[in-house]
Amino acid sequence: MEPMATRYVGALAAVALGCANGSAVAVDWGLEARAGYVFSDNVNQAPPALDDSANIGGLEVSAVVEHSTRSLLVDGELNHTYRHFFDDLYDDESQSEVRATVDWFPLREYLRLSLSETYGQVATNPSEGLLPSEYEDANVFSFGPTVYLPVALDTRLVARGDYRRATFEESDFDTERLLGEIRFERDLSRLFSLFALASRSSIDIVDGSLGYDVSSFAIALDAYGRRTAMTVPVGLHALR
């Protein structure tokens, strides 16, 4: 049975530009544009009596910038997507996203302060597939320190804290999270390391309707090859 199936015919082209500044204060940036075409004989993902075909053109534009010094790392990205429905059955749609992270090392080997901000538009009904979606603004902000305490040449203690707030334009899912984590790390060799961690986070819905805590405990082995990386964890998560 194929009535519910959706078939696609697409073409994609991409153009990318970039520039790197090789001075002591490095700034790298890049631009990328992607264009494509999609055909669907069942854009509604519905039975044959209700289905519609659609010819869809798409354009994606992305810009990235990175700045690096001994004590500061800055990473930013901007994405914008535009879709045009040639058959005039549906309205065109646009979707944007901005992401930025900043890592500051006031004490290079011992302390890192991290800040991140993500603003974007998310579909209010993600199951709509190829149909144009209603979007709402969403914003996620986080900030926290990481402290590194060497215990021996190949052993260290890492303590991390993080505050995160997520807000939505319309949905009642605004949340706040506080996280604390302690890790004990030991390098077994150049390719293998072992760590144990304990963490606790508290998540609250901003309107006060719901809140819960999550406690986690884990032991894991990290392995690094020339082209692969693998982590084998064993742990426990407790929710209350």
Side-chain angles (χ1 to χ4, degrees), residues 1-16 30-65 75-102 114-143 162-177 179 201 203-212 214 239:
M1 297 177 62
E2 296 186 359
M4 295 292 291
T6 302
R7 296 192 295 271
Y8 308 100
V9 177
L12 181 65
V15 177
L31 297 173
E32 183 179 52
R34 300 165 63 90
Y37 165 80
V38 172
F39 168 76
S40 171
D41 65 353
N42 189 348
V43 70
N44 287 305
Q45 298 182 354
L50 302 175
D51 66 355
D52 288 319
S53 62
N55 294 275
I56 309 168
L59 176 65
E60 298 179 12
V61 180
S62 300
V64 296
V65 62
D75 183 9
E77 182 178 359
L78 169 65
N79 296 298
H80 183 76
T81 301
Y82 172 76
R83 294 202 305 160
H84 174 70
F85 290 79
F86 293 99
D87 304 291
D88 295 327
L89 293 175
Y90 305 99
D91 294 332
D92 296 349
E93 65 175 358
S94 296
Q95 184 180 12
S96 300
E97 182 181 48
V98 180
R99 177 192 57 80
T101 60
V102 177
S114 300
L115 181 150
S116 70
E117 179 84 19
T118 300
Y119 163 80
Q121 295 173 303
V122 296
T124 55
N125 183 4
S127 65
E128 289 175 320
L130 290 176
L131 291 172
S133 300
E134 294 292 333
Y135 291 100
E136 66 174 320
D137 296 339
N139 188 79
V140 179
F141 167 82
S142 67
F143 173 79
D162 182 69
Y163 166 79
R164 185 182 68 185
R165 182 182 176 93
T167 58
F168 298 85
E169 180 184 18
E170 299 177 4
S171 301
D172 297 326
F173 299 133
D174 295 359
T175 58
E176 289 185 335
R177 187 196 71 173
L179 168 71
S201 58
I203 298 96
D204 293 307
I205 305 299
V206 173
D207 63 8
S209 61
L210 179 65
Y212 55 93
V214 179
L239 173 66

Practice task
Keeping the roles fixed (side chain from Gln95, backbone from Gln121), state whether a donor-acceptor pair exists under 3.5 Å.
Solution key: yes
Fill in the blank from the handout: One should read off an interatomic distance between Glu60 CD and Glu32 CD, to the nearest 0.5 angstrom, of 8.5 Å
Problem - Pair Asn79-Ser62, side-chain donor/acceptor within less than 3.5 Å - result: yes
Practice task
Using only heavy-atom distances, determine whether the side chains of Ser171 and Glu136 contain a donor-acceptor pair under 3.5 Å.
Solution key: yes
Handout entry: Nearest-0.5 Å distance that lies between atom CZ in Arg164 and atom CD1 in Ile203
Key = 7.5 Å
Practice task
Return the orientation label for the Phe173 and Phe168 ring planes: parallel under 30°, perpendicular over 60°, tilted otherwise.
Solution key: perpendicular
Exercise for the section: To the nearest 0.5 angstrom, please state how far the OH atom of Tyr82 sits from the CD atom of Glu93. Expected result: 10.0 Å
Exercise for the section: For a side chain to side chain contact (heavy atoms under 4.5 Å, CB included) with Thr175, tell me which candidate from Thr167, Leu210, Ile205 qualifies. Expected result: Ile205
Exercise for the section: Compare every heavy atom of Gly211 with every heavy atom of Asp204, then report the nearest pair and how far apart it is. Expected result: OD1-CA, 3.6 Å
Handout entry: Side chains of Asp162 and Arg177 in contact at under 4.5 Å (non-hydrogen atoms)
Key = yes
Exercise for the section: Would you kindly say whether Tyr163 and Glu176 are connected by a side-chain donor-acceptor distance under 3.5 Å? Expected result: yes
Practice task
Could you grab the distance from atom OH of Tyr119 to atom CG of Asn139, nearest 0.5 Å is fine?
Solution key: 8.5 Å
